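Before any comments, here is the structure.
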Amino acid sequence: MSDKKPERRDFLFTASYAVGAVGVGAVVWPLIDQMNPDASVKALASTEVDVSSVKPGNTITVLWRGKPVFIRRRTQEEIAEARAVKMEDLKHPEKDEDRAKDPEWLVMLGVCTHLGCVPLNDKGDYKGWFCPCHGSHYDTSGRIRKGPAPLNMEVPQYEFTDSNTIKIG
Amino acid sequence: MKNFKRSIFFLIIFISSSFQINAAENVDYLKTDWTFKGLFGKFDRAQLQRGYKVYKEVCASCHSMKYVSFRNLAEKGGPEFSEEAVKAIAASYDVNDGPNADGEMFTRPGKLSDKFVKPYENVKAAQAANGGAYPPDMSVLIKARSGGADYIFSLLQGYEEAPEGITLDDGVYYNKYMYGNKIRMAKPLSDGIIEYDDGTEASEIQMSKDVTAFLMWAAEPHLESRHQMGFKAIVYLIILTVLVYFSMKKIWSRVETEV
Amino acid sequence: MSDHDYTPKSKVGKWFNDRLPLLTLANHLTDYPTPKNLNYWWTFGGILTFCLITQIVTGLTLAMHYIAHADMAFESVEHIMRDVNYGWLIRYIHANGASMFFLAVYIHIFRSLFYGSYKAPREIIWIIGIVIYLLMMAAAFMGYVLPWGQMSFWGATVITNLFSAIPLVGEGIVTWLWGGYSVDNPTLTRFFTLHYLIPFLILGLVVLHIWALHVPGNNNPVGIDIKKPSKDTVPFHPYIVIKDGFALLMFMIVFAFFVFYSPNILGHADNYIEANPMVTPAHIVPEWYLLPFYAILRSVPDKLLGVVAMLSAILILAALPWLDTSKIRSAVFRPLYKQFYWILVADVLILGYVGAMPAEGLYLLVARVATAYYFLHFLVILPVLGFKEKTLPVPLSITEPVLGGSPNLSTARNKEESLNN
């Protein structure tokens with residue numbers, strides 16, 4: 001009575017399993033995707049900052065996507081110093097020109113690339129920032145010069161929507 | 001089999017009559033064809049855009065829609081205004097924000113990420129401004145009334161002279177479809193009260209229909225995805241059921257069965 | 001039995017199995033000798049397991065976004081529906097899944113009532129089942145409170161107020177349940193915790209339920225014990241697995257229709273209105289699956305007795321193995337019991353219907369008659385029937401020839417039906 005057409009029978013079972021697997025995948029995806037950022041979080045992906053009151057030499061810290069962002073209006077000295085640094089001296093070689101399109105404004109995530117603490121402004125051996133957690137020193141371009149941090153502080157996507165406003169993200 | 005059919009019969013009677021429980025009264029609602037009803041129901045973009053205009057210019061002065069965000073107006077499945085248009089709409093509203101660096105609350109123009117601005121700060125303020133009656137929030141209003149879209153559509157057109165023997169207080173109106181027949185909202189829509197951008201005639205019935213459709217979207221913004229996904233899911237399940245059915249027959253053919 | 005002779009094929013498997021016999025367990029489950037005459041009413045156990053897992057998984061993912069605070073609960077549910085990726089889908093599956101869960105459990109229970117699955121030696125399986133059912137009702141009741149709509153709030157108020165009917169300590173118990181002087185935030189937060197907990201208690205009881213089942217083995221439509229496993233049974237895998245799978249898929253199609261095309265039809269519109277302690281809805285009704293008990297509660301004019309009646313209606317089921325005195329298990333061979341069974345089904349449906357209606361006039365009268373009849377069925381009819389009923393002759397075994405030499409039991413059933421008409 002049985003075992004007449006093994007290929008046909010196997011095909012039916014294989015097809016059932018295959019179609020079933022598609023369903024399992026389709027069910028699993030929403031359960032995973034629901035943990036991804038939801039629409040309201042994604043809508044807050046960018047922040048606009050009024051920088052009209054920031055004087056040269058001053059730094060403000062704003063919140064963007066739940067993290068601190070340093071916005072520093074640099075003096076001419078600071079810019080010159082940043083530009084003078086040789087690439088060989090840098091653990092993470094990056095030109096200052098690439099980090100600050102408008103040299104007067106430095107915008108970067110105030111998060112130490114070592115383990116995530118917030119570095120302190122106007123501290124450290126390189127006239128930039130100093131992270132008290134494990135002793136990373138950053139220069140006037142936010143680049144790592146000394147200490148355990150592997151990378152320069154991250155520069156997010158930003159633009160000047162007008163002369164007084166920076167839109168981050 | 002006979003008994004099985006009997007119990008199914010009872011079940012159907014029970015379920016179908018339970019629908020009547022929810023009907024406010026046994027009044028038949030005004031009927032119209034809704035594009036969003038049925039297995040393949042979708043929204044009509046132009047209708048939603050017109051409906052939004054009715055909401056904005058007529059209803060929003062009293063009725064909040066606090067769970068809807070401005071960005072929803074540009075998202076897929078809704079009125080699908082352009083992002084620029086929605087940015088402009090949002091910016092035309094003042095939104096509370098703060099505290100600022102001085103510790104003070106301030107207002108700023110609305111952004112895409114903001115929710116629709118409420119006409120009143122809170123429920124008490126809304127009641128005080130409306131003779132003690134609270135104009136309900138409209139985010140899920142269609143789902144909060146058992147007659148759904150048909151009920152809202154009918155109510156908007158259901159204002160009538162009170163019949164003999166019914167007296168109405170000041171600020172109370174007679175409505176054929178309102179539960180209890182008395183409503184504190186004056187008739188909101190009449191012919192030509194607003195002008196549509198797409199040139200459609202803004203008759204009372206047209207506005208009633210458009211704003212109701214808009215309210216349906218506000219309550220169920222993912223209706224179209226739901227319908228589309230449902231179709232795919234059920235077709236898939238049917239295919240798999242057929243495959244599994246034949247697999248089952250194949251497997252059970254090995255056994256002497258039919259006991 | 002032969003379970004303990006199982007040896008895993010791989011060396012790693014054997015090493016592991018010697019320390020924790022999970023592979024032996026898996027083998028026991030796949031080879032489990034199951035009567036081959038089971039009909040589709042037997043697929044609902046598997047369907048119920050699917051329902052429990054679905055509720056747990058969707059519940060877990062909802063709990064990642066839901067906020068159990070009176071000021072934010074309703075809004076968090078709207079956030080889930082609008083902003084969370086696939087949030088609307090997970091929410092609708094969870095809400096309609098509860099209804100599907102109860103639909104399946106009622107079919108499962110009524111299967112047992114018809115075929116005598118509660119009778120010796122399966123009394124403990126049955127009683128564990130009653131406990132699972134009670135926990136399901138508790139979990140569903142508390143889950144319905146969480147969106148903090150009008151029905152959530154007022155349903156919670158009405159049902160928690162029932163405890164005040166208990167003499168002396170009633171009021172104190174209600175205050176203790178509420179965590180305050182009315183249903184409010186403390187009530188909501190503890191309901192969330194308990195709602196999260198109970199499904200895992202149910203999961204544990206389901207394991208016990210299946211374990212207890214595997215001692216005597218499944219009942220079957222003719223209610224006769226297995227005589228020869230080789231002739232009367234099939235291994236659970238693949239025969240029952242595939243049949244349960246087919247039934248589950250049919251069930252899922254019905255489920256999908258609700259989720260995707262009528263997700264709110266089984267609910268109550270008032271629950272889309274935010275909870276307002278100052279305004280009571282015109283008709284407070286629980287979800288459909290609790291309606292028969294609601295009808296029983298309201299049919300008794302006294303508050304305490306109404307509560308007692310409602311609880312008794314459920315607890316009386318636990319006494320069923322002893323109330324039903326018949327020696328014959330399956331209603332297939334109990335023509336008189338069969339009639340009363342269908343009357344009970346109608347009675348429960350009627351109770352469900354009047355439970356949704358205002359408790360006045362004709363509805364109240366019908367509710368009272370139906371309530372009285374419900375208790376009459378269990379307390380009077382069943383015991384008497386066991387002694388008085390003339391049952392049909394029962395086959396020798398599941399596969400042995402029966403009645404008039406036909407090896408086909410469906411023939412026997414046809415004969416019996418024609419005897420009744």
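Note that these values count all heavy atoms, side chains included, but never hydrogens, waters or copies made by symmetry. Keep in mind that this is a model prediction, so the values were computed, not measured.
- Taking CG from B:L240 and CZ from C:F246, the interatomic distance works out to 11.0 Å, rounded to the nearest 0.5 Å.
- Atom NZ of B:K76 has 12 or fewer neighbouring heavy atoms from other residues, nucleotides or ligands inside a 6.0 Å radius.
- With a 4.5 angstrom heavy-atom cutoff, B:I238 touches chain C via backbone and side-chain atoms both.
- C:Y261 has its ring centre less than 6.0 Å from the ring centre of B:H227.
- Of the atoms belonging to B:S139, heavy atoms from both backbone and side chain fall under 4.5 Å from chain C.
- Residues B:S146 and C:A269 come closest through the heavy atom pair N-CB, 3.6 Å.
- Within the 4.5 angstrom heavy-atom criterion, only side-chain atoms of C:E274, from C-beta onward, approach chain B.
- Only the side chain of B:I234 comes within less than 4.5 Å of a heavy atom in chain C; its backbone stays farther off.
- When the shell of 6.0 Å around OH of B:Y93 is examined, it contains more than 12 heavy atoms from other residues, nucleotides or ligands.
- Among B:A219, B:A144, B:P221, the residue with the largest count of heavy-atom pairs under 4.5 Å with chain C is B:A144.
- Under a cut-off of 6.0 angstrom, the local environment of NZ in B:K232 is sparse, with at most 12 non-hydrogen atoms contributed by other residues, nucleotides or ligands.
- With rounding to the nearest 0.5 Å, the separation of CG in B:L237 from CZ in C:F255 is 11.0 Å.
- Using a 4.5 Å cut-off between heavy atoms, B:E220 contacts chain C through its side chain alone, with no backbone atom that close.
- When atom types are taken as modelled, the side chain of C:W88 and the backbone of B:H222 share no donor-acceptor pair closer than 3.5 angstrom.
- Contacts between B:Y236 and chain C at a heavy-atom distance below 4.5 Å are absent for every atom of the residue.
- Proximity to chain B (any heavy atom under 4.5 Å) is restricted, for C:E78, to the side chain, taken from C-beta onward.
- A donor-acceptor contact shorter than 3.5 Å links the side chain of C:R82 to the backbone of B:A218.
- Each of C:I242, C:N264, C:V241 has some count of heavy-atom pairs under 4.5 Å with chain B, and the biggest count is that of C:I242.
- To the nearest 0.5 Å, atom CG of residue C:L249 and atom CD1 of residue B:I239 are 12.0 Å apart.
- Within the 4.5 angstrom heavy-atom criterion, no atom of C:Y341 approaches chain B.
- Closest of all the heavy-atom pairs between C:Y239 and B:W252 is O-NE1, 3.1 Å.
- With a 4.5 angstrom heavy-atom cutoff, C:V259 touches chain B only via backbone atoms.
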**Request:** Start with the C-alpha gap between B:R145 and C:D270, add the side-chain angles, then the distance that decides, and say whether side-chain contact (heavy atoms from CB on, under 4.5 Å) holds.
**Result:** CA-CA 7 Å; B:R145 299 291 181 269; C:D270 276 359; 5.7 Å; no

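- Counting heavy-atom neighbours within 6.0 Å of B:K37 NZ, excluding the residue itself, gives a total above 12.
- By the 6.0 Å contact criterion, OH on C:Y106 is enclosed, its count of non-hydrogen atoms from other residues, nucleotides or ligands being greater than 12.
- For B:K182, the NZ atom sits in a loose shell: 12 or fewer heavy atoms of surrounding residues, nucleotides or ligands are nearer than 6.0 Å.
- Between C:Y86 atom OH and B:S225 atom OG the span is 8.5 Å, to the nearest 0.5 Å.
- Interatomic distance, CG of C:D83 versus CZ of B:R71, reported as 4.5 Å (0.5 Å rounding).
- Of the listed residues (B:Y67, B:Y245, B:F231), the one with the most heavy-atom contacts under 4.5 Å to chain C is B:Y67.
- In this structure, no portion of C:F110 lies under 4.5 Å from any heavy atom of chain B.
- Contacts of C:L89 with chain B are made by side-chain atoms alone, with heavy-atom separations under 4.5 Å and no backbone atom involved.
- Between the CZ atom of C:F74 and the CG atom of B:D137 there is a distance of 8.5 Å, given to the nearest 0.5 Å.
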